[in-house]
Trainee: 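Here it is: the structure, laid out below.
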Amino acid sequence: MSKCKVIAVANQKGGVGKTTTTENVAIGLARNGKEVLIVDFDPHGDLTVCLGWKNNDALENTVSTMLDDYINDKDIKYASLILKHEEDVDVIPANIELADFEMRLVSVINREQVLSSCLEPLKNRYDYILIDCPLLLACLQ
Ligand SMILES: Nc1ncnc2c1ncn2[C@@H]1O[C@H](COP(=O)(O)OP(=O)(O)OP(=O)(O)O)[C@@H](O)[C@H]1O
Ligand SMILES: [Mg+2]
């Protein structure tokens, strides 16, 4: 059985340190030898930008591509989706496309399970999966 811990960093208030906490806890865990995946689940993509992918709107594969593939019964291309950061953390990036996705999810059955289902196959690869999410999207966990 997977020992992966999945942690959503969520708070209903904006600007309270969700992104900063996610980034620093993830890098701290990686420096302690843990295998860590960060999921940027905020349409602003602040975490993706903070980690160095400044032009995140140009990224072809993001968290929204992953969710889209899942709800359309397509294979998720994890290899091209997951970015490698120099601090030895892996990153599923986000951009503004996630804002549009949130509206499309309204009609999806079991929408609260979609992110969890997408991450399930990754749990045997990581000790921790940290998700930076604003409140609205936190209902997906
Ligand atoms: N522990 C801290 N001490 C001081 N400043 C902090 C701390 N954590 C975060 N900050 C600062 O607070 C501001 C907001 O942090 P951050 O962007 O992480 O919040 P957020 O909750 O992700 O915001 P948003 O809701 O917009 O996504 C940033 O300028 C950040 O540098
Ligand atoms: Mg943030």
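Scope of the values below: all heavy atoms of this structure, side chains included, with no hydrogens, waters or symmetry mates. We count ligands from 1, going down the list as the structure has it; atoms in each ligand are counted the same way.
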Trainee: Between the side chains of D46 and K18, is the shortest nitrogen-to-carboxylate-oxygen separation below 4.0 Å, so that they form an ion pair?
Mentor: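 Looking at K18 and D46, the cut-off is not met.
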Trainee: L51 versus W53: any side-chain heavy-atom pair under 4.5 Å?
Mentor: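 L51 reaches W53 side chain to side chain.
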Trainee: Report all protein residues having a heavy-atom distance below 4.0 Å to some atom of ligand 1; order the list by chain, then number.
Mentor: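 Residue list for ligand 1: G14, G15, V16, G17, K18, T19, T20, D42.
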Trainee: Can you name the side-chain hydrogen bond (donor to acceptor under 3.5 Å, both in side chains) partners of T62, sequence neighbours left out?
Mentor: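 Scan of T62 (side-chain hydrogen bond (donor to acceptor under 3.5 Å, both in side chains), adjacent residues dropped) gives S64, T65.
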Trainee: Determine whether E120 and S117 make a side-chain contact, defined as any pair of heavy atoms from C-beta on separated by less than 4.5 Å.
Mentor: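 Counting from C-beta outward, E120 and S117 never come under 4.5 Å.
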Trainee: Please determine, by modelled atom types, if T19 and D132 share a side-chain donor-acceptor pair under 3.5 angstrom.
Mentor: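 Present: a donor and an acceptor within the cut-off.
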Trainee: Check whether any N, O or S atom of T19, backbone or side chain, sits closer than 2.8 Å to the Mg ion (ligand 2).
Mentor: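 An N, O or S atom of T19 is closer than 2.8 Å to the Mg ion (ligand 2), so yes.
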Trainee: Would you say L37 and I82 make side-chain contact, with heavy atoms under 4.5 Å?
Mentor: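 Result yes, sub-4.5 Å side-chain heavy-atom pair found.
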